[in-house]
K.L.:
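Quick one: structure below, then a few questions.
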Amino acid sequence: MNNEVVMQTAGTLHGQLQRGLGRAARRAADTPGAGEYVFDCIRRDPRWDRQCEERGLYYARLMVDLELPAGPVAEHLFDPADQADGDEWRVQLALDVLVELVRLSRREAAVPLRRYAEEGTHWFDALDALAELGDPALAGGLDALVADRCDESTLDCLVAGAAGARGAVIESWAARQPRIADALAKRRAAGRPRRPGGGATVRGGRAERTEAELLDLARRRDDGAVAAIFELGRRRAPGLLDLAEELLPQRPGRWGGAVCRALREYGPEALPRARAWAATHGGCAGIGLRILARHGTRQDIPLLMNELHGALERRDWGDAAGPIEGLGRLRAGESVPLLKDAWSESAYSYLRPRVLTALTRTAPHTAESFTVEGLWDCEEGVREVAVRTAPVTAETRIRMQRLHHDAAEDPGVRATAASRLL
């Protein structure tokens, strides 16, 4: 089976389904063949960043609305490629969809989940999904498999977070398997809070050091360097800006990450240097843009506009995030055409909550149609903004009622939908 992803154009139903857009979910029921597009998206995971983007609930809802069977999803799980394809993400979206189908009361979707836990290459992911569903009846009888297959680290990972509904499944396994019970007991013991040690003394020592001493510590790139960098940021020390110019072009791993984190909290005092960094496109350009997005003024709109335009032309959706946030915060009306393009064209659905927030700030009237569409979006963050800002009409009221009563929906979205319906 060929699982290579070819992104279709954003004007087609297939392309919109790949991107997880609400407009596709709204028109799918009236389009012949939409179900095959949904299955294609599940088989060929179209996400630009699979660690961040959400699609499972989106495609599961479409399967419910279109009355699609779970069989083709199961067939993808058990395709011969499961044994030959080394891609660890090959089945992840299919497993996510089956989990969400169970949450949407399609309990027959648990059958292929259980079978894949028993027979599939990525069996642990299916086990973890069954535990997350929190229903011991669906996970019953798998305790022996867990005890036999999981090594110590894998078992510790599985029992981690064994609280609430997930805890009920883990405890049901532990009641039958002493090895699981021991792992659960160790995990809970390790999670107990400990008495604070001598950290207060160390922190006090950093606070008493001079800026020059802290800069010297930061340049050593050892365990104490990160703490020194954060202390420089807390003080808003000018030397931190010089340190950034010294370290960031070298891409120094976690120390560079610490510098960026400290600078993000530095405040408007960093703006003159950030403008220079962003304009030169050197090693500090990235953090310069993030500072402008967070603290810039209207004089920075042209630069942010130029960066957003370039990112959209390159289809570099990650680079578009900072400029979008900054232009939204500054309520830059001139950015609306670019924001609308980013909404429709981006293959990175995780970008859309930022886009919708920016649109609602810069052009509330224009944003209305996007907030309505957002009620059907694949991203929880988009739905959260949408239920808070979409106009209440006959259509949106029905959708908000569904979101409010949907047990698979995020609790925050459900609560906001309920408050809008009062």
Side-chain angles (χ1 to χ4, degrees), residues 1 3 5 17-22 24-25 28 35 37-66 68-79 81-82 85 87-135 138-139 142 157-158 160-161 165-166 169 347-350 352-353 376-384 403 406-411 413:
M1 178 183 293
N3 290 307
V5 178
L17 288 169
Q18 288 177 317
R19 290 164 175 80
L21 284 161
Y37 292 148
V38 173
F39 287 134
D40 182 78
C41 290
I42 296 170
R43 288 190 295 263
R44 298 176 174 84
D45 188 344
R47 292 174 293 179
W48 190 74
D49 185 341
R50 294 170 177 175
Q51 291 185 314
C52 295
E53 297 179 65
E54 301 169 358
R55 289 293 191 285
L57 181 57
Y58 176 81
Y59 293 137
R61 281 175 169 159
L62 280 162
M63 289 182 65
V64 171
D65 292 345
L66 299 175
L68 301 176
V73 182
E75 289 171 7
H76 172 66
L77 291 180
F78 298 104
D79 187 274
D82 189 55
D85 192 336
D87 181 7
E88 62 180 305
W89 289 99
R90 195 192 76 85
V91 299
Q92 189 59 59
L93 182 54
L95 293 175
D96 291 345
V97 170
L98 291 173
V99 167
E100 298 299 348
L101 281 173
V102 174
R103 289 186 173 132
L104 293 169
S105 300
R106 291 275 299 270
R107 290 177 69 85
E108 75 276 11
V111 175
L113 263 180
R114 283 183 57 97
R115 183 185 161 204
Y116 192 80
E118 295 168 342
E119 304 174 13
T121 299
H122 304 286
W123 55 268
F124 179 82
D125 295 325
L127 273 179
D128 191 57
L130 285 163
E132 199 62 34
L133 280 171
D135 187 342
L138 297 177
L142 294 174
C157 181
L158 188 64
R166 181 186 178 92
V169 173
Y348 185 34
S349 62
Y350 198 62
R352 285 202 296 275
W376 283 263
D377 198 86
C378 70
E379 289 292 331
E380 169 195 312
V382 172
R383 297 194 300 276
E384 185 175 2
L403 294 175
D406 190 342
E409 184 56 79
D410 172 74
V413 174

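Residues take their numbers from the sequence shown, with the count starting at 1.
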K.L.:
Using only heavy-atom distances, determine whether the side chains of R90 and T121 contain a donor-acceptor pair under 3.5 Å.
P.N.:
no

K.L.:
Side chain to side chain contact (heavy atoms under 4.5 Å, CB included) with V111: which residues, sequence neighbours excluded?
P.N.:
none

K.L.:
Hey, mind stepping through D125 and H122 against side chain to side chain contact (heavy atoms under 4.5 Å, CB included) and telling me if it holds?
P.N.:
CA-CA 6 Å; D125 295 325; H122 304 286; 3.6 Å; yes

K.L.:
Under 3.5 Å, side chain of Y350 to main-chain N/O of G381, donor-acceptor pair present?
P.N.:
no

K.L.:
Residues in ring pair (Phe, Tyr, Trp, His ring centres under 6.0 Å) with Y116, at least two apart?
P.N.:
F78

K.L.:
Run the salt bridge (Lys or Arg N to Asp or Glu O under 4.0 Å) test against R166 and tell me which residues pass, sequence neighbours left out.
P.N.:
D128, E132

K.L.:
In Å, rounded to the nearest 0.5 Å, how long is the span from CZ of R103 to CG of L133?
P.N.:
5.0 Å

K.L.:
Out of the candidates L68, L57, V38, V97, only one should pair with L62 under the side chain to side chain contact (heavy atoms under 4.5 Å, CB included) rule; please name it.
P.N.:
V38

K.L.:
Assess the residue pair R43 and D79 against the criterion (salt bridge (charged side-chain N to carboxylate O under 4.0 Å, His left out)); give the C-alpha distance rounded to whole Å, side-chain angles, the decisive distance to 0.1 Å, and a yes or no.
P.N.:
CA-CA 10 Å; R43 288 190 295 263; D79 187 274; over 6 Å; no

K.L.:
Go through the steps for R55 and D96 under the test side chain to side chain contact (heavy atoms under 4.5 Å, CB included), then give the verdict.
P.N.:
CA-CA 8 Å; R55 289 293 191 285; D96 291 345; over 6 Å; no

K.L.:
Roughly how far, to the nearest 0.5 Å, is CZ of R19 from CZ of R47?
P.N.:
15.5 Å

K.L.:
For Q18 and R44, what are the C-alpha separation, side-chain angles and deciding distance, and is it a side chain to side chain contact (heavy atoms under 4.5 Å, CB included)?
P.N.:
CA-CA 9 Å; Q18 288 177 317; R44 298 176 174 84; over 6 Å; no

K.L.:
When you look at D45 and R50, which way does the side chain to side chain contact (heavy atoms under 4.5 Å, CB included) test go after all the steps?
P.N.:
CA-CA 8 Å; D45 188 344; R50 294 170 177 175; 3.6 Å; yes

K.L.:
Closest approach of C157 and F124, non-hydrogen atoms and distance?
P.N.:
SG-CZ, 4.1 Å

K.L.:
Testing P46, C378, C52 one by one against S349 for a side chain to side chain contact (heavy atoms under 4.5 Å, CB included), which residue passes?
P.N.:
C378

K.L.:
Using every non-hydrogen atom in the two residues, find where Y59 and L17 come nearest and quote the distance to one decimal.
P.N.:
OH-O, 2.8 Å

K.L.:
Which pair of non-hydrogen atoms, one from A408 and one from L104, has the smallest distance, and what is that distance?
P.N.:
CB-CD2, 3.9 Å

K.L.:
How many angstroms lie between atom CG of L77 and atom CZ of R115, to the nearest 0.5 angstrom?
P.N.:
9.0 Å

K.L.:
Using every non-hydrogen atom in the two residues, find where A347 and W48 come nearest and quote the distance to one decimal.
P.N.:
O-CB, 3.4 Å

K.L.:
When rounded to the nearest 0.5 angstrom, what distance separates CD in E384 from CD in E379?
P.N.:
12.0 Å

K.L.:
Take atom OH of Y37 as the centre, draw a 6.0 Å sphere, and report whether it contains more than 12 heavy atoms from other residues, nucleotides or ligands.
P.N.:
no

K.L.:
Say whether, by atom type as modelled, one donor and one acceptor occur between the side chain of E108 and the main chain of A70 under 3.5 angstrom.
P.N.:
no

K.L.:
Given side chains that start at C-beta, do those of W89 and Q51 come closer than 4.5 Å, heavy atoms only?
P.N.:
yes

K.L.:
Can you tell me how far the CD atom of E100 sits from the CZ atom of R106, to the nearest 0.5 Å?
P.N.:
13.0 Å

K.L.:
Please name the pair of heavy atoms, one in V169 and one in A139, separated by the smallest distance, quoted to 0.1 Å.
P.N.:
CG1-CB, 3.7 Å

K.L.:
How many angstroms lie between CG in L98 and CG in L113, if you round to the nearest 0.5 Å?
P.N.:
5.0 Å

K.L.:
Going by the rule side chain to side chain donor-acceptor pair (under 3.5 Å), which residues pair with R352 if we only count those two or more places apart in sequence or in a different chain?
P.N.:
D377

K.L.:
Between A109 and L101, which heavy-atom pair has the shortest distance, and what is it?
P.N.:
CB-CB, 3.7 Å

K.L.:
Not counting sequence neighbours, which residues clear ring pair (Phe, Tyr, Trp, His ring centres under 6.0 Å) with F39? List them please.
P.N.:
none

K.L.:
For R114, give me all partners under side chain to side chain contact (heavy atoms under 4.5 Å, CB included), at least two apart in sequence or on another chain.
P.N.:
E118, L130, L142

